[in-house]
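Order of the sequence lines fixes the chain letters, A, B, ..., with proteins taken first and strands second; residue numbering starts at 1 for each chain.
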Amino acid sequence: MVSYRKFSSSLDARQVFGEMTKRSLYQWNTLLKSLSRDKRWEQVLCHFTQMFRDGEKPDNFTLPVALKACVELRKVKYGEIIHGLVNKYATIGSDLYVGSSIIDMYAKCGRMPEALRVFDELDKPDIVTWSSMVSGFEKNGFPFEAVEFFRRMAMALDVFPDRVTLITLVSASTKLSNSRLGSCVHGLVMRRGFEKDLSLLNSLLNCYAKSRAFKDAVTLFNMMAEKDVISWSTVIACYVQNGAATEALRVFHEMVDNGTEPNVATMLSVFQACAAAHDLDQGRKSHELAIRKGVETDVKVSTALVDMYMKCFSPEEGYAVFSRIPKKDVVSWVALISGFTLNGMAHRSVEGFAMMLRENNTRPDAILMVKILGSCSELGFLEQAECFHSYVIKFGFDSNPFIGASLVELYSRCGSLGNASKVFNEINLKDTVVWTSLITGYGIHGKGTEALETFNHMVKSSKVEPNEVTFLSVLSACSHSGLLHEGLRIFELMVRDYRLAPSLEHYAVLVDLLGRVGELDTAIEITKGMPFSPTPQILGTLLSACRIHQNGEMAEAVAKTLFEMESNHAGYYMLMSNMYGAKGEWDYVEKLRISVKDRGIKKGLAESLIDIKRKVHRFVADDNMHPKKELVYRLLKELDLHMKEDLEDSAYIEFEGDSL
DNA sequence: ATAGGGTTAG
């Protein structure tokens, strides 16, 4: 016998009835109801059983409560027993409340076939019952079936969707990322007179945002008479995800001016926007706001802050925030580790990893491993790579294709193509990324022929399809080896046979290839004919080609355009100085260096430097490319004022590996 | 008198 005194914190009703020896059906029901209101599901089932022992027969008021408890406790077996009980005493069709509770119980426990069987026993399902079915399909990962069921419901003339049904339907459309379906539901929402239902509109807004109907999302947002923090946050996140970070920040300010209080979710998107826009000032201001709102202590918020400072090239500020996180999770460590590498401080990433292992309360996950292997790649330190490799094996990460691909890349960046192909051969499930990594590896070592062979092997003998990145790698390999005709053939293959749309990057590599082999006119033609307007990067490539082929006239024309586009682009100065430097005109280099300093070019400099550092690796690997590699190193040193840390300074760190 | 379905920002 259970003592009711134990639950004295609950309602009076229980205390009163608890003293009685024999309860009436009504009293049992009241007791169960009050227990369910307090979410004491164990107790609900316990008393439900007790009720049986007392010889009381549950009625149509008792059963839904008991079934709800089964759902909450995930006790399908108990639910099945109740279902059997109901069948024994009455037909299910006799009470819709009981019927829909049984359906909902099966649906929520992932047993749609049973739910459907009960549903089909009903004579006249009402809107709640229909909705339970739609929701069941939607929740169990069958959004398509949910929509189909809704269609079936629409055929029945006696039921009309209410706001709950429509919300479920919008959720299904979102899962299908089908904005056309979303707008159909939108129309239905209007016709049914729910055009002022905020949660319904927010769901629709989210549906448009998630199914890449950017314009529809904005239109709906602008039309909404009432907006809450969710509406604003949805739209801010939508802008960020569509690469419109500045716009996202504008909307954020509008929201604040509007008097809507931002919350954790809002701030997360805001920090993402600051990071994407590299807007450190705005980032700092938003950080202060987060402190004022008292949300800085949230792990997600502080992690987003670390990420933001890192992406705004202020690693020390990022590290400061990181140090203050009381309960760091694996995502926080990822932000720190990838952030340091982004800032050209890969050795601090490795130190961070060691620190994490010492603290011994966070287990690295696959994402973290991919990141740290990438950091190690930046270092280009073979012994360190081998150390990480053994760590990967020891903790069983080697079956993950992403990690396999990272290892292939790591070894090739450390100059060990032998190990790279060995790792490659040992990977059981080679996906596109794995194949692409090996191709990239051959590419950066100037082994264009091997890259092409690997590509052909991939296409012919495996079921893996090359993607945009694969083609980028192959093209880039051709470019580094000066394989003009092969490169052009690959480009054609990509467009014609694989129907892949070349991105700006593909054009950039193509221009690079043409430039390297001296086809400067064709390169310029391609730049003009591509479906994008040329970016500073592409013009930079052209400029670099002019440098190699000593075409001063064309170089100046390109440089002029580049300068007009972005007078503060650090890469421009780098390339110009490279060009003059190559001619031995060191006084020009010095002038440019001073000019960089005077103009206070900071934004983008760190990024360019890292980019240049990557290129340095390529130059080093590529013998015939750059006769004076030292030149590049020297320029790097000259311009490295803003970035104190250097790749060579890093120390080798060993991992004991048993710490977790 | 007591009972059944729902979503949305990261």
Side-chain angles (χ1 to χ4, degrees), chain A residues 13 24-37 58-69 71 92 95-105 107-108 115 118-119 122 125-139 146 153 159 161-175 185 189 194 197-210 217 220-221 227-241 248 251-252 255 260 262-273 295 298-301 303-304 307 331:
Chain A
S24 68
L25 181 60
Y26 169 63
Q27 286 165 336
W28 277 112
N29 285 347
T30 318
L31 174 60
L32 290 179
K33 200 213 162 187
S34 92
L35 284 167
S36 95
R37 200 168 44 207
D59 67 358
N60 57 332
F61 291 101
T62 326
L63 292 164
V65 180
L67 285 161
K68 179 93 188 290
V71 170
I92 291 176
D95 190 282
L96 269 180
Y97 284 92
V98 175
S100 70
S101 295
I102 293 172
I103 287 167
D104 197 49
M105 183 271 297
K108 289 221 175 75
V118 179
F119 181 86
L122 302 176
D126 65 358
I127 185 63
V128 176
T129 324
W130 279 103
S131 302
S132 292
M133 288 301 295
V134 176
S135 151
F137 283 120
E138 192 267 334
K139 274 246 172 58
M153 179 192 127
V159 265
D162 63 6
R163 51 187 301 276
V164 176
T165 329
L166 291 173
I167 282 177
T168 313
L169 196 58
V170 175
S171 178
S173 317
T174 311
K175 287 214 173 104
V185 185
V189 167
F194 294 122
D197 192 307
L198 191 54
S199 41
L200 200 37
L201 292 185
N202 280 345
S203 298
L204 272 169
L205 191 60
N206 177 55
C207 175
Y208 288 139
K210 288 273 161 64
L220 171 59
F221 180 74
K227 292 160 188 162
D228 66 358
V229 62
I230 293 178
S231 333
W232 287 101
S233 307
T234 307
V235 115
I236 292 170
C238 182
Y239 275 116
V240 177
Q241 277 146 21
V251 177
F252 172 61
M255 165 185 170
T260 311
N263 63 14
V264 170
T266 326
M267 293 317 291
L268 290 176
S269 295
V270 169
F271 294 136
Q272 268 182 34
V295 296
D298 184 294
V299 200
K300 282 183 182 169
V301 171
T303 301
D307 190 58
V331 188

Sugar-phosphate only, base, or nothing, as touched by A:Asn60 at under 4.0 Å among non-hydrogen atoms: base
Distance-only donor-acceptor test, A:Asn206 side-chain atoms vs B:dT8 base atoms, 3.5 Å: no
Atom pair distance, as rounded to whole Å: CD1 in A:Ile102 and P in B:dA3: 18 Å
Touch class at under 4.0 angstrom, heavy-atom based, for A:Thr234 against every strand present: sugar-phosphate
Atom-to-atom span, CG of A:Asp162 to C1' of B:dG5 - whole angstrom: 8 Å
Touch class at under 4.0 angstrom, heavy-atom based, for A:Val264 against every strand present: base
Side-chain donor/acceptor of A:Asn29 to base of B:dA3, under 3.5 Å: no
Sugar-phosphate, base or nothing in reach of A:Lys300, heavy atoms under 4.0 Å: nothing
Partner residues of A:Phe271 under the ring pair (Phe, Tyr, Trp, His ring centres under 6.0 Å) criterion, sequence neighbours left out: none
Minimum-distance nucleotide (side-chain atoms of A:Val128 versus B:dG4, B:dA9, B:dG6): B:dG4
Selection from B:dA9, B:dT8, B:dG6 that lies nearest to any side-chain heavy atom of A:Ser135: B:dG6
Between B:dA9 (P) and A:Gln241 (CD): distance, integer Å: 10 Å
Below 4.0 Å: OP1/OP2 of B:dA3 and any side-chain N or O of A:Lys33: yes
Base of B:dG5 paired with side chain of A:Ser131 (donor-acceptor, under 3.5 Å): yes
Gap between atoms CG and C1', on A:Leu96 and B:dG4 respectively (whole Å): 9 Å
Integer-rounded Å distance: B:dG5 C1' and A:Met105 CE: 15 Å
Sugar-phosphate, base or nothing in reach of A:Leu201, heavy atoms under 4.0 Å: nothing
Closest contact, heavy atoms only, A:Pro125 versus A:Leu96: CA-CD2, 4.2 Å
Touch class at under 4.0 angstrom, heavy-atom based, for A:Asn263 against every strand present: base
Between A:Phe252 and A:Trp232, ring centroids under 6.0 Å: no
Touch class at under 4.0 angstrom, heavy-atom based, for A:Lys227 against every strand present: nothing
Euclidean distance, atom NZ of residue A:Lys68 to atom P of B:dG4 [Å, nearest integer]: 7 Å
Between B:dG4 (P) and A:Asp95 (CG): distance, integer Å: 12 Å
Face-to-face stacking of A:Tyr97 with B:dA3, centres under 5.5 angstrom, angle under 30°: yes
hbond_proxy A:Ser100 side chain to B:dG4 base (donor-acceptor, 3.5 Å cutoff): yes
Polar pair under 3.5 Å, donor/acceptor by atom type, side chain A:Thr165, base B:dG6: no
A:Ile167 backbone acceptor or donor facing A:Ser171 side chain under 3.5 Å: no
Contacts of type ring pair (Phe, Tyr, Trp, His ring centres under 6.0 Å), residue A:Tyr208, not counting sequence neighbours: A:His186
Rounded distance in Å - CG (A:Leu35) to C1' (B:dA3): 15 Å
B:dG5 OP1/OP2 closer than 4.0 Å to side-chain N/O of A:Lys139: no
Under 3.5 Å: donor-acceptor pair, side chain of A:Asp162, backbone of A:Thr165: yes
Residue-phosphate contact under 4.0 Å: A:Lys108 side-chain N/O, B:dG6 OP1/OP2: yes
